[in-house]
Amino acid sequence: MVEIELDGQKVEVPPGSMIMHAAEKAGTYIPHFCYHKKLSIAASCRMCLVEVEKAPKPMPACATPVTMGMIVRTKSDKAIKAQQSVMEFLLINHPLDCPICDQGGECQLQDLAVGYGGGASRYEEEKRVVFHKDVGPLVSMEEMSRCIHCTRCVRFGQEVAGVMELGMSHRGEHAEIETFVGQSVDSELSGNMIDICPVGALTSKPFRYSARTWELSRRKSVSPHDSTGANLIVQVKNHRVMRVVPLENEAVNECWIADRDRFSYEAVNSEERLTAPMLKQGGEWKTVDWQTALEYVANGLKQVKAEHGAGAIGLLASPHSTLEELALAGALVRGLGSENIDSRLRQADFGNTAAAGSARWLGMPIAALSGLQRVLVVGSNLRKDHPLFAQRIRQAARKGGQVNVLNDRVQDWAMPVANAVTVDSNHWVAALAGIAAAVAAETGVQTPIAGEVNDTTRAVARSLLGGEQKAILLGNAAAHHEKASSLLSLANWIAQQTGASIGYLTEAANTVGAQLVNALPGQGGFNAGQMLGGGLKAALLLNNEPGFDSASGSQGLVNAGMVVTLSPFKANMDISDVLLPIAPFTETSGSFVNAEGRLQSFHAVVRPLGDTRPAWKVLRVLGNLLGLSGFDADSSQAVLASVLPGVASGEVVAASRLSNADAGVGPAAADLGPAQYKPCVASIYQLDSLVRRASSLQLTADARAAEGANA
């Protein structure tokens with residue numbers, strides 16, 4: 001450790017640290033613009049000039065390494081005069097448009113100008129004007145005259161997002177931040193540039209001119225999309241969600257969120273919201289009250305049970321539903337005497353299930369992804385399926401980690417890929433067997449199964465046998481593969497031989513939680529494929545649209561006697577008989593369990609829209625109308641306490657309940673024959689009902705590309 005004196009206080013920091021790091025440890029604030037703890041050092045703004053004893057001039061705190069015995073003064077006359085001079089230069093060309101700037105009230109330049117700016121400017125010439133740029137539907141670059149060239153956005157793209165979409169052209173007063181030859185900003189993490197911009201140059205296009213920051217209430221929440229469980233701050237005005245920004249949680253999402261976490265709130269305010277219960281009568285939809293709708297559903301379920309037996313009733317639940325909703329959904333179906341409940345809507349191999357009461361999971365803490373030295377990703381478009389996991393693995397690759405891929409096509413993950421085995425998804429099991437055989441050949445152990453060894457599989461094997469921190473990660477396509485059990489068995493064998501951990505990236509916000517609360521068919525129950533294949537007389541659809549969210553589609557439900565949709569939106573209107581408006585994540589309390597098994601609870605941030613009700617309340621009342629026991633909880637917290645006792649929000653579920661062991665299929669029994677069907681995987685902005693209805697997300701290049709692929 002190196003000891004320095006900072007404003008008379010002794011501070012110890014590791015060798016190689018900068019003065020800024022010492023100041024952070026000591027709790028001393030040094031004004032800055034270009035410095036950001038997650039980005040490389042640029043030292044371009046010079047706002048952090050401090051006095052270093054024996055140095056002939058003020059030194060930038062962010063770029064001056066500490067030395068033993070160094071004496072630093074951050075608040076001396078010399079330091080403050082230097083900082084004031086820099087502020088004067090920064091304000092020379094800055095437009096005086098604070099009253100109309102979206103950044104007003106949360107602007108670093110505004111804050112520091114109060115302390116370090118002059119009362120009047122000595123500059124009398126015309127201010128420079130920078131022409132606005134259109135870079136896409138999410139990020140606004142309409143007022144680039146405000147830019148102070150801190151280059152945070154440039155470094156973010158290059159270092160965190162992996163794509164240098166913005167750069168600085170020209171020099172001096174002609175310098176501009178822009179895209180290359182008028183291209184758009186298309187990164188799935190682009191919204192973070194808005195957060196890290198210290199002025200009002202980059203702002204949110206959907207939020208633009210909607211509200212002032214001091215009008216907004218700020219409430220914590222959790223993302224309902226992918227399995228990261230990103231922590232959010234939802235900003236609200238007049239019971240309407242206006243903006244979503246990240247809540248820093250180093251163990252989960254650091255200080256970043258994906259664009260779908262940030263902009264999906266538009267769907268909550270969309271015209272497609274269902275605000276009152278509806279019944280289909282004579283082929284026409286009519287609005288009814290809750291009592292009428294719920295009694296209709298309860299009587300319909302009783303009638304189906306009486307005529308066809310409880311086995312004709314089933315419930316398909318979205319893995320984006322909360323733990324409480326899934327638990328009560330399971331209790332409702334089982335209370336009726338049926339075991340037909342499933343949340344694995346896109347899955348094809350229903351034998352690939354963890355032991356009862358346990359769940360498939362990431363196999364390691366999310367934070368550990370950043371330290372991986374070797375990784376094999378099987379069947380995932382990592383960058384689009386899990387943007388924040390990809391960001392962490394990208395950091396690992398930047399530190400020298402080797403990323404190996406088994407996939408059906410070459411994809412741009414914006415990170416160096418050491419080795420890629422590219423084969424059609426029908427032949428993934430044989431390809432993974434080839435990697436297993438290569439590992440066996442390299443280690444001298446007996447090959448568990450005949451596999452073809454070639455230069456690429458041998459390179460992957462050698463990569464996995466090197467390094468210390470390593471993992472084999474199975475993506476959404478591997479989990480939904482027709483031969484998912486065989487893939488898992490081979491991956492487990494490779495992991496054992498190479499010393500790697502094994503894990504599923506897991507698709508949705510509550511894929512792990514759905515398994516823990518047993519939102520799965522019991523003995524003799526139909527799985528999702530069988531239910532959607534036409535095995536039901538009465539179907540309840542919790543927060544999902546089979547046409548988009550399942551591998552089988554909705555055709556098998558057309559002939560069901562009664563289909564009830566519980567959704568925040570006017571969904572499934574072609575196949576449903578009843579629509580019940582349930583609250584999205586912003587209007588209900590609940591919990592998700594993310595990929596690493598971390599339980600995270602949240603509260604409603606706005607009141608329910610119209611006659612919308614939280615799904616757990618709807619299910620509870622339906623259970624009461626059906627005369628079922630166990631439906632007396634008066635809060636979502638009470639439901640949670642009954643299904644996950646002893647686990648507090650923020651804690652990771654006991655390791656004994658998290659398992660990626662194969663379901664009795666050893667590697668020798670893996671089925672090497674080609675699969676008949678391709679795995680069902682949602683594109684980045686088709687993952688769930690919220691992102692599908694977020695208008696700005698549907699205008700992005702990713703959404704247009706997915707639409708073109710499906711056309």
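Excluded from the calculations below are hydrogen atoms, water molecules and symmetry mates; all remaining heavy atoms, backbone and side chain alike, are included.
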### Query
Judged by atom type as modelled, is there a donor-acceptor pair below 3.5 Å linking the side chain of N594 to the main-chain atoms of T228?
yes
### Query
Should L232 and L247 count as side-chain neighbours, where that means a heavy-atom distance under 4.5 Å?
no
### Query
How far apart are the C-alpha atoms of R155 and T151, what are their side-chain angles, what is the distance that settles it, and do they pass the side-chain hydrogen bond (donor to acceptor under 3.5 Å, both in side chains) test?
CA-CA 6 Å; R155 285 175 286 144; T151 69; 3.2 Å; yes
### Message
For S601, is there any backbone N or O sitting under 3.5 Å from a side-chain donor or acceptor partner on S649?
### Response
yes
### Task
Hey, could you give me the CG/CG distance between L541 and L579, rounded to the nearest 0.5 Å?
10.0 Å
### Heavy-atom check, side chain of Y35 versus side chain of I30, under 4.5 Å
no
### Query
Any sub-3.5 Å donor-acceptor pair from D385's side-chain atoms to R383's backbone N or O?
no
### Query
Should L316 and L542 be marked as a side-chain contact (heavy atoms from CB on, under 4.5 Å) after you check the CA-CA gap, both sets of side-chain angles, and the distance that decides it?
CA-CA 6 Å; L316 292 154; L542 176 59; over 6 Å; no
### Test item: H94 side-chain N/O and R146 main-chain N/O as donor-acceptor pair under 3.5 Å
yes
### Message
Set out, in order, the CA-CA distance, both residues' side-chain angles and the distance that settles side-chain contact (heavy atoms from CB on, under 4.5 Å) for L294 and L580, then state yes or no.
### Response
CA-CA 9 Å; L294 290 174; L580 301 179; 4.1 Å; yes
In a table with atom names and distances, give each donor-acceptor pair under 3.5 Å that connects a side chain of residues 615-625 to protein atoms at least two apart or in another chain.
{"from": "R620", "atom 1": "NH1", "to": "A633", "atom 2": "O", "distance (Å)": "3.0"}
{"from": "N624", "atom 1": "ND2", "to": "R620", "atom 2": "O", "distance (Å)": "3.4"}

### Message
I'd like to know if the side chain of R657 reaches the main chain of L516, judged simply by a donor and an acceptor atom lying under 3.5 Å from each other, with no hydrogens or angles considered.
### Response
yes
### Task
Using the salt bridge (charged side-chain N to carboxylate O under 4.0 Å, His left out) rule, pick out the option among E165, E176, E142 that qualifies with K133.
E176
### Task
To the nearest 0.5 angstrom, please state how far the CG atom of N249 sits from the CD1 atom of I257.
13.0 Å
### Query
So do the side chains of V241 and Q235 get within less than 4.5 Å of each other, counting heavy atoms only?
no
### Summary
Only residue of Q698, E272, E545 satisfying side-chain hydrogen bond (donor to acceptor under 3.5 Å, both in side chains) with R692 is E545
### Query
If you look only at pairs with a residue in residues 199-230, which of them pass as a ring pair (Phe, Tyr, Trp, His ring centres under 6.0 Å), with sequence neighbours excluded?
none
### Greater than 12 external heavy atoms within 6.0 Å of R607's CZ
no
### Task
Not counting sequence neighbours, which residues clear ring-ring contact (aromatic ring centres under 6.0 Å, His included) with Y685? List them please.
none
### Query
With T292, which residues qualify under side-chain contact (heavy atoms from CB on, under 4.5 Å), at least two apart?
L279, V288, D289
### Message
Quick check for you: to the nearest 0.5 Å, what is the distance between E178 atom CD and M144 atom CE?
### Response
9.0 Å
### Task
Decide if atom NZ of K286 counts as having more than 12 heavy atoms of other residues, nucleotides or ligands within a radius under 6.0 Å.
no
### Task
Mind running salt bridge (Lys or Arg N to Asp or Glu O under 4.0 Å) on E248 and K37 for me, showing each step along the way?
CA-CA 13 Å; E248 185 171 351; K37 63 184 179 181; 2.5 Å; yes
### Message
Under the salt bridge (Lys or Arg N to Asp or Glu O under 4.0 Å) definition, can you give me all pairs with a residue in residues 231-241, not counting sequence neighbours?
### Response
E215-K237
### Message
Assess, by modelled atom type and distance only, whether the side chains of S591 and E324 contain a donor and an acceptor separated by less than 3.5 Å.
### Response
yes
### Query
Applying ring pair (Phe, Tyr, Trp, His ring centres under 6.0 Å), which residue pairs with at least one partner in residues 579-598 are found, sequence neighbours left out?
F592-F602
### Query
Residues two or more places apart in sequence or in another chain: which of them pass side-chain contact (heavy atoms from CB on, under 4.5 Å) with Y29?
P31, H32, L112
### Task
Report yes or no: do S40 and E159 form a side-chain donor-acceptor pair below 3.5 Å?
yes
### Query
Between the side chains of T565 and S576, does any donor sit under 3.5 Å from an acceptor?
yes
### Task
Could you list the residues that satisfy side-chain contact (heavy atoms from CB on, under 4.5 Å) with A654, not counting sequence neighbours?
S656
#### Entry: Candidate list T700, D226, D688, test side-chain hydrogen bond (donor to acceptor under 3.5 Å, both in side chains), partner R260, passing option
D226
#### Entry: Non-neighbouring partners of F389 that pass ring-ring contact (aromatic ring centres under 6.0 Å, His included), sequence neighbours left out
H386
### Task
Output all residues satisfying side-chain contact (heavy atoms from CB on, under 4.5 Å) with R704, sequence neighbours left out; order by chain, then residue number.
A701
### Message
With heavy-atom distances below 4.5 Å as the criterion, would you say the side chains of Q83 and M47 are in contact?
### Response
yes
### Query
Has the side chain of R219 got a donor or acceptor atom that lies under 3.5 Å from a matching backbone atom of V605?
yes
### Task
Given side-chain hydrogen bond (donor to acceptor under 3.5 Å, both in side chains), test S227 with T506 step by step and report yes or no.
CA-CA 6 Å; S227 58; T506 68; 3.1 Å; yes
### Task
Using only heavy-atom distances, determine whether the side chains of N544 and D549 contain a donor-acceptor pair under 3.5 Å.
no
#### Entry: Whether R243 side chain and V234 backbone form a donor-acceptor pair below 3.5 Å
no
### Task
Give, for atom OG of S567 and atom CG of N572, the distance between the pair rounded to the nearest 0.5 Å.
7.0 Å
### Message
For L609, is there any backbone N or O sitting under 3.5 Å from a side-chain donor or acceptor partner on T612?
### Response
yes
### Task
Establish, from distance only, whether the side-chain atoms of D186 and S184 form a donor-acceptor pair under 3.5 Å.
yes
### Task
Evaluate side-chain hydrogen bond (donor to acceptor under 3.5 Å, both in side chains) for T213 paired with R218, printing each intermediate quantity in order.
CA-CA 10 Å; T213 181; R218 290 161 174 77; 2.5 Å; yes
### Message
So for atom CD, which belongs to E250, do other residues, nucleotides or ligands contribute more than 12 heavy atoms lying within a distance under 6.0 Å?
### Response
yes
### Task
Walk me through it: do L323 and N510 pass the test side-chain contact (heavy atoms from CB on, under 4.5 Å)?
CA-CA 7 Å; L323 269 179; N510 215 13; 3.9 Å; yes
### Heavy atoms from other residues, nucleotides or ligands near NZ of K25 exceed 12 (cutoff 6.0 Å)
yes
### Task
Please test L388 against L189 for side-chain contact (heavy atoms from CB on, under 4.5 Å), starting from the C-alpha separation and ending with a verdict.
CA-CA 8 Å; L388 295 174; L189 298 171; 3.9 Å; yes
### Message
Between D261 and A258 (side chain of the first, backbone of the second, donor and acceptor by atom type, cut-off under 3.5 Å), is there such a pair?
### Response
yes
#### Entry: Residues in ring-ring contact (aromatic ring centres under 6.0 Å, His included) contact with F263, at least two apart in sequence or another chain
none
### Task
Kindly say whether T322 contributes a backbone atom to a donor-acceptor pair with the side chain of E325 at under 3.5 angstrom?
yes
### Query
Which residue pairs pass the salt bridge (Lys or Arg N to Asp or Glu O under 4.0 Å) test when at least one of the two sits in residues 197-206, sequence neighbours left out?
D134-K205
